[in-house]
A.B. asks: 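Please see the structure below; I have some questions.
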Amino acid sequence: MNDLRPVGELLRDWRQRRRLTQFDLAEMAQISTRHVSFIETGRSLPSRAMLLRLADRLEVPLRERNVLMTAAGLAPMYAERRLEDPALREAQAAIDLVLYGHEPHPALAVDRHWNLISHNRAVAPLLAGVAEHLLARPSNVLRVSLHPEGLAPRIVNLGEWRAHLLHRLRHQADATGDAVLAELYTELAAYPCDDDYDESMVPATAHVAVPFRVRSEFGELAFISTTTVFGTPLDVTLAELAIESFFPADAATAQAMRAFGASLEPVPLNH
């Protein structure tokens, strides 16, 4: 997000996005409401330390914290390097360790817009029949999942899975203010789906885990997923990276994936 507005206006937007009053933010940051008001109206310019404190309380993403710093006339705080950068070599090794260590079950790494960064070998069999244009880089995993030429025709519980993904994406777009995510939500929500399972029904379900049920060459498979992120990253790229790991949701899936894993050669990983 490239925003040239004053830092006070940006902070006010983040506060309102978090549905907080000036009093709420002041209490959280242990400063006066008057001070918050002065910063938001431009009567007071926050120091680097104060800006970081407010951004932390507002859970502002690292990329947007750099925007706040620039708006306040300060140097950006967080580096942003490509994952291939030698400085992130250890991070790349850690990602590979998680992805390939999760085999024979699927796992993939995505960026902040759900574009595929990397995946392990258990993902490939699930993509059989997906249109090539959906797999061309940058391949968006949510688009692949819900597009009529993607996985959608083979997802057994498409209505439920679609509602789950849309609910998650809308929440992420609202929390980050990311226009690309908002556009992606609009696109995916317009894809046809015969199952009228409404997105608003998701929070009312037993929402411990929504299963992903898909027909494959191994038969019908069922997975539940977890998300892993880097703890306290100081690089924008790492802060925006997530690893989605899928686990068997039933005995038949576990057995099928074990059989698939027996055909895989060991992967040498450099740590």
Side-chain angles (χ1 to χ4, degrees), residues 83-84 92-166 168-169 184 187-188 191-195 197 208-229 241-270:
L83 200 55
E84 298 80 12
Q92 179 66 68
I95 294 169
D96 290 343
L97 182 65
V98 173
L99 293 180
Y100 288 96
H102 193 63
E103 288 181 350
H105 310 309
L108 47 88
V110 296
D111 66 16
R112 73 187 192 280
H113 293 144
W114 292 89
N115 293 318
L116 182 66
I117 294 174
S118 184
H119 62 80
N120 68 12
R121 293 173 293 178
V123 170
L126 301 181
L127 299 178
V130 172
E132 290 187 9
H133 70 89
L134 294 174
L135 299 178
R137 299 180 72 90
S139 177
N140 186 278
V141 300
L142 297 188
R143 185 177 290 116
V144 168
S145 183
L146 299 182
H147 195 283
E149 296 181 71
L151 287 173
R154 292 197 286 115
I155 297 178
V156 178
N157 59 331
L158 178 60
E160 182 183 34
W161 183 247
R162 175 180 180 273
H164 164 67
L165 292 185
L166 290 177
R168 183 175 177 182
L169 179 58
L184 180 62
E187 175 192 338
L188 301 188
Y191 288 168
C193 179
D194 293 335
D195 190 339
Y197 195 102
V208 176
V210 175
F212 170 59
R213 302 185 184 280
V214 60
R215 288 180 286 271
S216 76
E217 62 182 281
F218 308 114
E220 183 177 318
L221 303 176
F223 297 97
I224 57 174
S225 66
T226 63
T227 304
T228 302
V229 297
L241 185 146
I243 296 176
E244 294 286 317
S245 303
F246 292 82
F247 295 84
D250 57 35
T253 301
Q255 182 177 357
M257 298 316 295
R258 281 196 300 269
F260 168 73
S263 67
L264 298 177
E265 295 291 332
V267 175
L269 296 176
N270 298 318

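What you see is a predicted model, and the numbers here were worked out from it, not measured in a lab. Index from 1, following the sequence.
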A.B. asks: Quick one: CZ on Phe212 to CG on Leu165, what's the gap to the nearest 0.5 Å?
C.D. replies: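 CG of Leu165 is found 9.0 Å from CZ of Phe212.
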A.B. asks: Is the shortest heavy-atom distance from the side chain of Trp114 to the side chain of Leu169 under 4.5 Å?
C.D. replies: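 Trp114 reaches Leu169 side chain to side chain.
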A.B. asks: Distance-only, no hydrogens or angles: does the Asp250 side chain make a donor-acceptor pair with backbone N or O of Thr253 under 3.5 Å?
C.D. replies: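 It does hold such a pair.
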A.B. asks: Please list all pairs meeting salt bridge (Lys or Arg N to Asp or Glu O under 4.0 Å) that have one or both residues in residues 116-130, counting only residues at least two apart or in different chains.
C.D. replies: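 Checked against salt bridge (Lys or Arg N to Asp or Glu O under 4.0 Å) - neighbours excluded - the pairs reaching residues 116-130 are Glu103-Arg121.
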A.B. asks: Search all heavy atoms of Pro104 against all heavy atoms of Gly261 and return the closest pair with its distance.
C.D. replies: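 What the structure gives for the nearest pair is CB-CA, 3.5 Å.
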A.B. asks: For residues Asn115 and Val141, determine if any side-chain heavy atom of one lies less than 4.5 Å from a side-chain heavy atom of the other.
C.D. replies: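 They are not in contact (no side-chain heavy atoms under 4.5 Å apart), so the answer is no.
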A.B. asks: Please report the shortest heavy-atom distance between Val123 and Pro106, naming the atom on each side.
C.D. replies: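 In terms of heavy atoms, the two residues are closest at CG2-CB, 3.9 Å.
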A.B. asks: With a 4.5 Å heavy-atom cut-off, do Phe247 and Thr226 have their side chains touching?
C.D. replies: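 Side chain of Phe247 against side chain of Thr226, heavy atoms only: contact under 4.5 Å found.
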A.B. asks: Kindly check if the number of other-residue, nucleotide or ligand heavy atoms within 6.0 Å of CD (Gln255) is above 12?
C.D. replies: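 Result for CD/Gln255: open.
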A.B. asks: Could you go through Val130 and Leu151, starting from their C-alpha distance and side-chain angles, then the distance that decides it, and tell me whether this counts as side chain to side chain contact (heavy atoms under 4.5 Å, CB included)?
C.D. replies: CA-CA 6 Å; Val130 172; Leu151 287 173; 4.1 Å; yes
A.B. asks: Asn140 side chain to His113 main-chain N or O, any donor-acceptor pair under 3.5 Å?
C.D. replies: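 Yes, the answer is positive, given that a donor and an acceptor are paired below the 3.5 Å cut-off.
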A.B. asks: With the side chain counted from C-beta on, respond yes when Leu221 and Met257 share a heavy-atom pair under 4.5 Å apart, and no when they do not.
C.D. replies: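 Yes. Closest side-chain heavy atoms under 4.5 Å.
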A.B. asks: Are side-chain heavy atoms of Leu108 and Ser118 found at a separation under 4.5 Å?
C.D. replies: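 Side-chain contact under 4.5 Å: no.
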A.B. asks: Is it true that atom CD of Glu84 has more than 12 heavy atoms of other residues, nucleotides or ligands lying nearer than 6.0 Å?
C.D. replies: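 Check passes, neighbour count above 12.
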A.B. asks: What pairs of residues pass the side chain to side chain donor-acceptor pair (under 3.5 Å) test when at least one of them lies in residues 210-225, not counting sequence neighbours?
C.D. replies: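 Those involving residues 210-225 do not exist here.
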A.B. asks: Over all heavy atoms of both residues, which pair between Ala256 and Phe218 is shortest? Give the atoms and the distance, please.
C.D. replies: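 It is CB-CB, 4.1 Å.
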A.B. asks: For the pair Ser263 (side chain) and Phe260 (backbone), establish whether a donor and an acceptor sit closer than 3.5 Å, ignoring hydrogens and angles.
C.D. replies: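 Yes; at least one donor-acceptor contact below 3.5 Å.
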A.B. asks: Heavy atoms only: give me the nearest Val110-Ile117 pair and the separation to one decimal.
C.D. replies: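 Smallest heavy-atom distance, with atoms named: C-CD1, 3.6 Å.
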A.B. asks: Using the side-chain contact (heavy atoms from CB on, under 4.5 Å) criterion, which residues pair with Thr227? Sequence neighbours excluded.
C.D. replies: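 For Thr227, the residues satisfying side-chain contact (heavy atoms from CB on, under 4.5 Å) (neighbours in sequence not counted) are Arg168, Val229, Ala242, Glu244.
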A.B. asks: First locate atom CG of Leu99, then atom NE2 of His102, and finally report the distance between them rounded to the nearest 0.5 Å.
C.D. replies: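 Interatomic distance, Leu99 CG to His102 NE2, rounded to 0.5 Å: 9.5 Å.
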A.B. asks: Could you work out, with side-chain contact (heavy atoms from CB on, under 4.5 Å) as the rule, every residue matching His147, not counting sequence neighbours?
C.D. replies: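 With neighbours one apart ignored, the set is His133, Leu134, Arg143, Glu149, Tyr191.
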A.B. asks: With a 4.5 Å limit on heavy-atom distance, are the side chains of Ile155 and Ser145 in contact?
C.D. replies: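 Side chain of Ile155 against side chain of Ser145, heavy atoms only: contact under 4.5 Å found.
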A.B. asks: Just wondering, do Asn120 and Val98 contact through their side chains at under 4.5 Å, heavy atoms?
C.D. replies: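 Result no, sub-4.5 Å side-chain heavy-atom pair not found.
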A.B. asks: What closest approach, in Å, do Cys193 and Gly159 show between heavy atoms, and which atom pair accounts for it?
C.D. replies: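 In terms of heavy atoms, the two residues are closest at SG-CA, 4.1 Å.
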A.B. asks: List the residues meeting side-chain contact (heavy atoms from CB on, under 4.5 Å) with Thr228, not counting sequence neighbours, and say none if there are none.
C.D. replies: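 In terms of side-chain contact (heavy atoms from CB on, under 4.5 Å), with neighbours along the sequence ignored, Thr228 is linked to Ile243.
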A.B. asks: Quick one: list whatever passes side-chain contact (heavy atoms from CB on, under 4.5 Å) with Ala259, sequence neighbours left out.
C.D. replies: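 Listed in chain order: nothing, the list is empty.
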A.B. asks: Would you compute the distance between atom CG of Leu146 and atom CG of Leu158 and round it to the nearest 0.5 angstrom?
C.D. replies: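 Rounded to the nearest 0.5 Å, the CG-CG separation comes to 6.5 Å.
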A.B. asks: For a 4.5 angstrom cut-off between non-hydrogen side-chain atoms, does Ile95 reach Leu241?
C.D. replies: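 Touching, per the 4.5 Å side-chain cut-off.
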